[in-house]
Amino acid sequence: MGWDLDRASFDRLVLEHLDACQRLAVRLTGDPESAEDVVQDAMVRAARGWKTFRGEARFQTWLFRIVINAWRDRKTSGHAEPLPEIEDHCPNGPIDQLAGKEIGQVVAHAVSQLPPRQREVIILIVYEQMTICEAAAALEVSEGNVRTNLHYGRERLREKLRAFLPEEQPRERQ
Amino acid sequence: MNGSKRPDNPDPLDDLLNAARWPAMLPDATLRLRREWQAISRNRSSSQTKWLQAAAMILIGFGVWFVVIKQRSAGVAQQRIVSMPPNPIIQNKPDIVAVRLANPAELAWALTAMSRQEIAGQSHGKSASVQKSPETLQALLQRDPTTGVQECLKLAELKHEEPAVSALKNVRGVAIEKLFARLDDPRIETRLAAARLLGKVDGPRVTEQLARMVAANQNRREALAALLQSDGVEAKAFLEQVQEKHGLESVLRSVTVQIKAF
């Protein structure tokens, strides 16, 4: 795949990766409606800039970069994204919280509340199974930056989700 | 987890993160996006063809201009020859001179005549396809709203919607409802043509219905496309409100791009 990618192959590739783009957009926005708008915006951008794909990165990485940029622009344009209605602290403790609301939603909500760059890194690496190098390419930042954001993002999540984690045991220091 | 997991010291946070459950996509979202992509893709290739056609037209125009200039200079040369004293060589071979001087002019005439015919033919063909008076359309809309709306949509797709708009403004009622129904048409061209007509027909009731569609996320992009093409005060006020309160700038932007692409 490279320089000689023709329009028909490009169209096919976009359609093949549409589900992945939707999944990424839902994780970034935390809201299916906004996600659909982000993907539509990204599709318009991809159609305009399809010749900028030179095969240097994986197609998915290239397309994810467009989706992320569309989401960033949407955020900077002042669009407030609705987040799932989940309380951060349940007075009756995590067991009751688990009984009332699924833990999966609580975790997703915690990820959706991360600062944008940490959220992007966590989603790409933890959920999209990208390598540090691929995430750096998709986010157009250095690998060091990705590592830093991954570390701080994880620490923030650990703090937020402490109630659901087993008692802290002394861990090996790096 | 890539880049963070240490196999000899698993982090319970990873298990917890893997349990995350995100909201599901809206029903038919994939189908809608696929249709959208196919439409974007189709438009892109047609716009490329348009560029090629435009380039070809410029080249033809330049060629015609070049030939006309040649024709004029040939005419001047012919006049000069006439006014010059008789040259024995030319006098002996008048046919050769005539051919050499007359050919470019004939060629120019032939070419300009051809292009004139082509242009006339094209414009005639176009006007034949869009030649429908508002009265004819109005009568058709009253007699058979489905066919009438179909004709109006055809005109809107050709961007010759003026007679359709004035006919629809006079008829309204069922025809407008049928237009609203076409906002959900499988063809994006039809959806945008319907949006174009609704925007131009305008009126408080139309705007109100379009605003309700935007609020309910029912064919939101098409409803926004209609409102964007409306000159009505209510539509403009609603769009401002949408931008301020609901933050739909990016949707509006991509809809605007889509309208331009069509």
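Values below: all heavy atoms of this structure, side chains included; hydrogens, waters and symmetry mates excluded. Reminder, nothing fancy here: chain letters follow the sequence lines and each chain counts from 1. Given the structure is predicted, the values throughout are model-derived calculations rather than measurements.
Using a 4.5 Å cut-off between non-hydrogen atoms, the part of residues 219-229 of chain B that approaches chain A consists of Arg220(B), Arg221(B).
Taking a 6.0 Å sphere around CZ of Arg187(B), one finds it holds more than 12 heavy atoms contributed by other residues, nucleotides or ligands. Within a 6.0 Å radius of CZ in Arg212(B), other residues, nucleotides and ligands contribute more than 12 heavy atoms.
Between Glu36(A) atom CD and Thr30(B) atom OG1 the span is 8.5 Å, to the nearest 0.5 Å. To the nearest 0.5 Å, the span separating CD on Gln105(A) from CZ on Arg21(B) amounts to 5.5 Å. Here CG of Leu16(B) is found 10.0 Å from CZ of Arg158(A). Values are rounded to the nearest 0.5 Å.
With a 4.5 angstrom heavy-atom cutoff, Val44(A) touches chain B via backbone and side-chain atoms both. Both the backbone and the side chain of Leu15(A) have a heavy atom closer than 4.5 Å to some heavy atom of chain B. The part of Arg45(A) that comes within reach of chain B is its side chain, from C-beta onward, which places non-hydrogen atoms under 4.5 angstrom from that chain.
The two residues Trp22(B) and Ser112(A) come nearest to each other via the heavy atoms CZ3-OG, 3.6 Å. The shortest heavy-atom contact between Pro32(A) and Met25(B) is CB-CA, 4.0 Å. The two residues Leu33(B) and Met43(A) have their closest heavy-atom pair at O-CE, 3.5 Å. The nearest pair of heavy atoms linking Ala29(B) to Gln22(A) is CB-OE1, 4.0 Å.
Remark: the backbone N or O of Asn18(B) is not paired with any side-chain donor or acceptor of Tyr127(A) at under 3.5 angstrom.
Contact count against chain B (heavy-atom pairs under 4.5 Å) is highest for Val107(A) among Asp41(A), Val111(A), Asp19(A), Val107(A). Per-residue heavy-atom pair counts under 4.5 Å with chain B were compared for Leu157(A), Val146(A), Val14(A), Ile122(A), and the maximum is reached by Val14(A).
Within the 4.5 Å cutoff, the side chain of Pro23(B) has no heavy atoms near those of the Asp31(A) side chain. Here the side chains of Asp11(B) and Arg154(A) are in contact, with some heavy-atom distance below 4.5 Å.
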